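These notes concern the structure reproduced below.
Along the sequence shown, residues are numbered consecutively beginning with 1. Remember, it's 1-based here, ligands and their atoms both numbered in the order they're listed. The structure displayed is predicted, hence computed values, not measured ones.
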Amino acid sequence: MKLLIKNGTLPGLGVCDLLAEDGVIAKIEKDIACQDAQVVDATGLTVLPGMVDLHCHLRDPGYEYKEDIVSGTRAAAAGGFTSVCCMANTNPVNDNAVVTAYIVHKAETSGSGVHVYPIGALSHGLKGETMAEIGDMAKAGAVAISDDGKPVMNAHLMRLAMEYGAAFGMTVFDHCEDINLVNKGVMNEGYNSTLLGLRGTTRAAEEVQIARDIVLSETLNLPVHICHVSTKGGVELIRQAKARGVKVTAETAPHYLAGTDDMVVSYSAATRVNPPLRLAADQEALIQGLCDGTLDAIATDHAPHHRDEKEVEYNLAASGISGFETAFALCIETLVHAHHMTLEDFVRVACTNPARIIGKNCGELKVGKDADIILADLNQEWCVDSRKFLSKGKNTPFHGRMVHGRVKETYVGGKRIYRDED
Ligand code: DOR
Ligand code: ZN
Ligand code: ZN
């Protein structure tokens, strides 16, 4: 099977053709001729590697009313993702090979074609007490371990998981929030929490855990990955650690780049997320961190919820933002259109680095890499309308926002899995 993408613009290369054969990129040149290929005219469009999401919640098994592997992978494809890693806070929890295998099998047989890589739980039942079946899950296809949704409060357990995980080539992905410092907060602690009368969470809750993980990683000389960094102080801790050679990697999420706690003033629970939306100074630091390599990746933390869990008072609402279908535009706007980075830099943080972190042969437009590709219109203006999301989760604080940059087509292994019909 051959795919020939004609006249698209490739970052760093200008207008070129791209030929994919048997699922991998075979040629990138001007004016490729090929008799027996499916030809796609990409004139006026940008050709990029499909994005690789290190962190999402597909809710399957157990919470299919929020999302399932079919709806979640369709939403991912529409958002420009060709690989996604899904967290273990399902029901039952993905803490053993049976659940891991179920996710892999369902994604392969009824998903949209997007690669789904499960992340196994770190502890049984996400209880933070005993280590989950890490080796078994690795064999079944898990690519990392994490109790995401919950912090790992027991530092000794964290140490054991880092050591045990390393034996299977699995990095711990940590949701950094000290539960005691969170102290039942529902938003960032500061002027707005005081104004609104909502309970705030100090940024120290996140930074204390990041610092602890860095100390463990440095002491053990083992890798650790920090999930959804949201604060300026967190970026600085990671910057200093990397300068010392600590094996720490980190991600931030599009909503931290595009949103602040000013959005909470609406009292809309769509803005509730853990860690919470922060301040403009944090946004700047996160962008700087992505530009200078302190932060390796952008990950959505796509967290779909049912409207009944969101259309309640702020204190009672579920935390999380449905992120797949807005990620591309929010990142292109805040990073590329805002002139903080080039398109090549964007590819590095959205595709290449995340692929490297999970050890997959994708995330780059190079001969020999998997033909996981998107075609995008970087300038198309559109209005975020969550009612049109393919995700079951309509929970986004960006509903109604005008944005620029739209994914037009998505290919996995040289096969089209999504086309924008809008
Ligand atoms: O806001 C969040 N939602 N943060 C998390 O860590 C978990 C996630 C979820 O599962 O809904
Ligand atoms: Zn998390
Ligand atoms: Zn998460």
Counting heavy atoms only, which part of [X] comes closer than 4.0 Å to ligand 1: side chain, backbone, both or neither?
X	value
H305	side chain
I321	neither
S319	both

(Q) Minimum distance, heavy atoms only, to atom 6 (O) of ligand 1: which one of H175, K150, H55 is it? (A) H175

Q | Option from E284, E207, E206 for which salt bridge (Lys or Arg N to Asp or Glu O under 4.0 Å) with R278 holds | A | E206

Which atoms of ligand 1 have any heavy atom of [X] under 4.0 Å away?
X	answer
A303	3 (N), 8 (C), 9 (C), 11 (O)
D148	6 (O)
V273	1 (O)

Q) Is atom OH of Y102 surrounded by more than 12 heavy atoms (other residues, nucleotides or ligands) closer than 6.0 Å? A)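 Result for OH/Y102: enclosed.
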
Q. Can you tell me if CZ on R74 sees more than 12 non-hydrogen neighbours from other groups inside 6.0 Å?
A. no

How close does the nearest protein non-hydrogen atom get to [atom], and which residue and atom is it?
atom	answer
atom 9 (C) of ligand 1	R59 NH2, 3.4 Å
atom 4 (N) of ligand 1	N274 O, 3.0 Å
atom 7 (C) of ligand 1	G149 CA, 3.6 Å

Q: Would you check the N or O atoms of G320, main chain and side chain alike, for any that come under 3.5 Å of an N or O of ligand 1?
A: yes

Q.
If we check side-chain hydrogen bond (donor to acceptor under 3.5 Å, both in side chains) with K242, which of these qualifies: T249, D296, T294?
A. D296

Q | With H255 via ring pair (Phe, Tyr, Trp, His ring centres under 6.0 Å) - residues at least two apart | A | none

Q.
To the nearest 0.5 Å, what is the distance between OH on Y267 and CG on L196?
A. 4.5 Å

Q: Could you tally the protein N/O/S atoms lying less than 2.8 Å away from the Zn ion (ligand 2)?
A: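 With waters ignored, the protein N/O/S count below 2.8 Å is 3.
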
Salt bridge or not between [X] and [Y]? Use side-chain N to carboxylate O under 4.0 Å.
X	Y	result
K408	D420	yes
K366	E364	yes
K106	D68	no

Q: Flag this pair as yes if the NZ/CZ of K392 is under 6.0 angstrom from the six-membered ring centre of Y65 and inside a 45 degree cone about the axis; otherwise no.
A: no

Q) When the aromatic ring centroids of H228 and H55 are compared, is their separation below 6.0 Å? A) yes

